[in-house]
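Reviewing the structure listed below.
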Amino acid sequence: MNNTFKIFKYQVYDFTKAVIIFYSIVISISLAITAFVSKGLVNVSFGGMEMVTAIFLFIAGLNCFKSNFKFMLANNVSRRNFYFGNIIALVSISAFMALLDSILNIILDFNIPYEGVVMQLYGSNSFFAGLLWCFGLYTLFLCLGWFITMLYYSCNKLMKTVISIVPVLLIALFQYIDWISRGLVNRAIVGFLDKAMGFAYNNNVYVGALSLFIGAAAIALICFLPLHNAIAKD
Amino acid sequence: MKTIQIKGVSKVYGHTKALDKVDIDIESNRIYGLLGRNGAGKTTLLNLMTNRIFPTEGEVIIDGERVYENDKVLGNIFYMAEKNLYPEDERVRNIYKWTKEFYPSFDMVYAEDLSEKFGLDLKKKVKSLSTGYASIFKAIAALASNTDIVLFDEPVLGLDANHRDMFYKELIANYSERPKTMIISTHLIEEVSSVIEEAIIIKEGKLILKQSVEELLSGAYVVSGETSRVDKYIQGKKCIGIEVLGSFKSATVFEAVNNKDKVLAEELQVEFAKAELQKVFIDLTN
């Protein structure tokens with residue numbers, strides 16, 4: 001059996017417990033709300049639970065590198081195989097959770113006043129479009145978390161400080177440029193997001209999903225940079 | 001048959017040269033002792049041999065193939081590191097199960113037997129193991145891996161005398177059952193001297209000696225007696241260490257004894273004794 005597949009198996013195994021706990025909480029909350037709403041105890045509508053999943057996956061991404069990387073070193077697995085095994089695992093976990101969330105959306109929508117994030121943003125209730133969009137979003141968030149933790153892991157103290165400060169400086173710089181250019185930067189960012197997320201194209205969910213996948217693929221590709229020369233650290 | 005070639009390997013950390021152009025050929029199916037003082041570069045060398053770190057220059061070749069990112073070659077080496085690289089929250093049994101995934105020849109039954117012998121509780125989490133049991137857990141994984149090359153970095157760290165004795169016996173039994181290349185890096189030289197066939201001594205990042213223990217010890221001896229007589233005896237000889245206790249002196253001579261030496265020793269009334277590996281090591285690395 002190829003090492004890439006073994007790493008995929010281990011990464012999925014490592015995620016299993018956290019995913020079970022996460023969905024236990026999500027389903028418990030959903031059941032509680034459904035019960036309250038159906039008994040008329042509360043009159044609420046809620047939605048956008050996919051964002052909770054995305055944040056969970058981002059945090060999970062932040063936590064899934066160090067221990068697994070060391071374990072892979074203990075088993076003499078090459079970094080290349082570790083990388084591919086992880087990418088396959090991260091994409092599979094994202095797909096699985098997107099599917100679960102899409103099913104949960106249908107169940108909740110059927111029982112209580114509920115709107116998924118795709119419905120809220122795009123006004124679309126297509127199961128497939130929602131699934132694809134969530135899949136892209138989750139992959140992006142998970143890969144981003146994985147990349148950030150890997151970047152920190154591979155840097156020395158000085159570089160860690162530099163990469164922590166640079167985003168703050170960039171934001172401050174953009175704000176300044178935005179101020180002197182009378183909102184040019186903000187307009188450019190909003191314009192870019194408007195197009196990238198498909199809002200400019202008649203709220204096209206598929207354009208949004210495609211952009212999320214492109215973003216996730218770009219992050220997944222650059223993940224190899226800090227990984228290719230990473231070594232065991234305390 | 002797995003031969004290891006370390007070709008001109010250097011490793012620099014900042015301003016520190018941990019290894020300096022090291023060339024070593026390691027033959028298959030022998031037990032090597034990798035010896036050196038603290039910070040000599042032993043762990044660095046083992047890490048380089050297993051792709052855990054990368055050389056600044058030079059390369060490590062196993063059976064004609066570079067080790068660098070080579071899963072085929074790496075899958076035939078098991079490295080028991082001194083540092084713990086295993087997930088702290090995982091149970092020992094689970095770690096062994098996963099080790100079997102990565103090393104299909106890993107012998108689970110043997111690992112369980114050894115765990116029972118050493119009193120290692122397989123249900124325990126890695127983080128709850130004492131220093132000694134953490135070493136036992138890793139050593140068992142290494143012995144049960146059934147790979148052609150097994151590297152041990154301080155395998156008896158924290159082990160009591162009984163467990164150390166058990167470990168050396170198991171190591172010999174394991175080697176006799178299925179010969180393999182073993183490299184043991186340790187500071188307990190006298191203990192390991194009866195186990196290793198060849199010694200590799202590193203000093204300040206440089207290889208200073210690679211020789212069979214038998215040859216090494218037959219090529220060195222200790223001469224002792226009254227100071228002035230010993231001084232007279234060692235004149236012109238390659239003396240690697242001297243100890244003085246009052247008017248008594250003992251010197252380690254790094255040469256084989258010949259008949260002329262025996263006659264001279266009789267004349268000067270000095271005595272010969274066998275050199276111990278630890279003594280030779282101390283004298284060579286001081």
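Side chains included, hydrogens not; waters and symmetry mates left out as well; all remaining heavy atoms used. Chain letters run A, B, ... following the sequence lines, proteins first and then strands; every chain starts at 1.
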Exercise for the section: Please say whether more than 12 non-hydrogen atoms of neighbouring residues, nucleotides or ligands are located less than 6.0 Å from CD in Glu116(B). Expected result: no

Problem - Positions in residues 47-60 of chain B that reach chain A, provided some heavy atom is under 4.5 Å away - result: Thr50(B), Asn51(B), Arg52(B), Ile53(B), Phe54(B)

Practice task
Could you tell me whether a side-chain N or O of Asn76(A) sits under 3.5 Å from a main-chain N or O of Gly75(B), the two making a donor and an acceptor?
Solution key: no

Exercise for the section: Tell me, yes or no, whether the heavy-atom count around Glu204(B) atom CD, taken from other residues, nucleotides or ligands under 6.0 Å, exceeds 12. Expected result: no

Completion exercise
NZ of Lys100(B) to CG of Asn75(A), rounded to nearest 0.5 Å, is 13.0 Å

Using atom types as modelled, flag every donor-acceptor pair under 3.5 Å from a side chain in residues 164-177 of chain A to any protein atom, sequence neighbours excluded.
| from | atom 1 | to | atom 2 | distance (Å) |
| --- | --- | --- | --- | --- |
| Ser164(A) | OG | Tyr152(A) | OH | 2.7 |
| Ser164(A) | OG | Lys160(A) | O | 2.7 |

Exercise for the section: To the nearest 0.5 angstrom, please state how far the OG atom of Ser67(A) sits from the OH atom of Tyr86(B). Expected result: 12.5 Å

Exercise for the section: Indicate, with yes or no, if the rings of Trp98(B) and Tyr13(A) have centres closer together than 6.0 Å. Expected result: yes

Practice task
Identify the heavy atoms of Pro87(B) and Phe71(A) that sit nearest to each other, and give their distance.
Solution key: CD-CD1, 3.6 Å

Practice task
Check whether any side-chain heavy atom of Asp71(B) lies under 4.5 Å from a side-chain heavy atom of Val77(A), and answer yes or no.
Solution key: yes

Practice task
Mark yes when over 12 heavy atoms from residues, nucleotides or ligands other than Phe96(A) sit less than 6.0 Å from its CZ; otherwise mark no.
Solution key: no

Fill in the blank from the handout: Among residues 220-229 of chain A, those lying within the under-4.5 Å heavy-atom range of chain B are His228(A), Asn229(A)

Handout entry: OH/Tyr13(B): more than 12 non-hydrogen atoms of other groups inside 6.0 Å
Key = yes

Handout entry: Under 4.5 Å from any heavy atom of chain A - which part of Glu88(B)
Key = neither

Exercise for the section: Tabulate, in ascending numerical order, the residues of residues 79-86 of chain A having at least one heavy atom closer than 4.5 Å to a heavy atom of chain B, or enter 'none'. Expected result: Arg79(A), Arg80(A), Asn81(A)

Problem - CG-NZ distance between Leu73(A) and Lys83(B), expressed to the nearest 0.5 angstrom - result: 9.5 Å

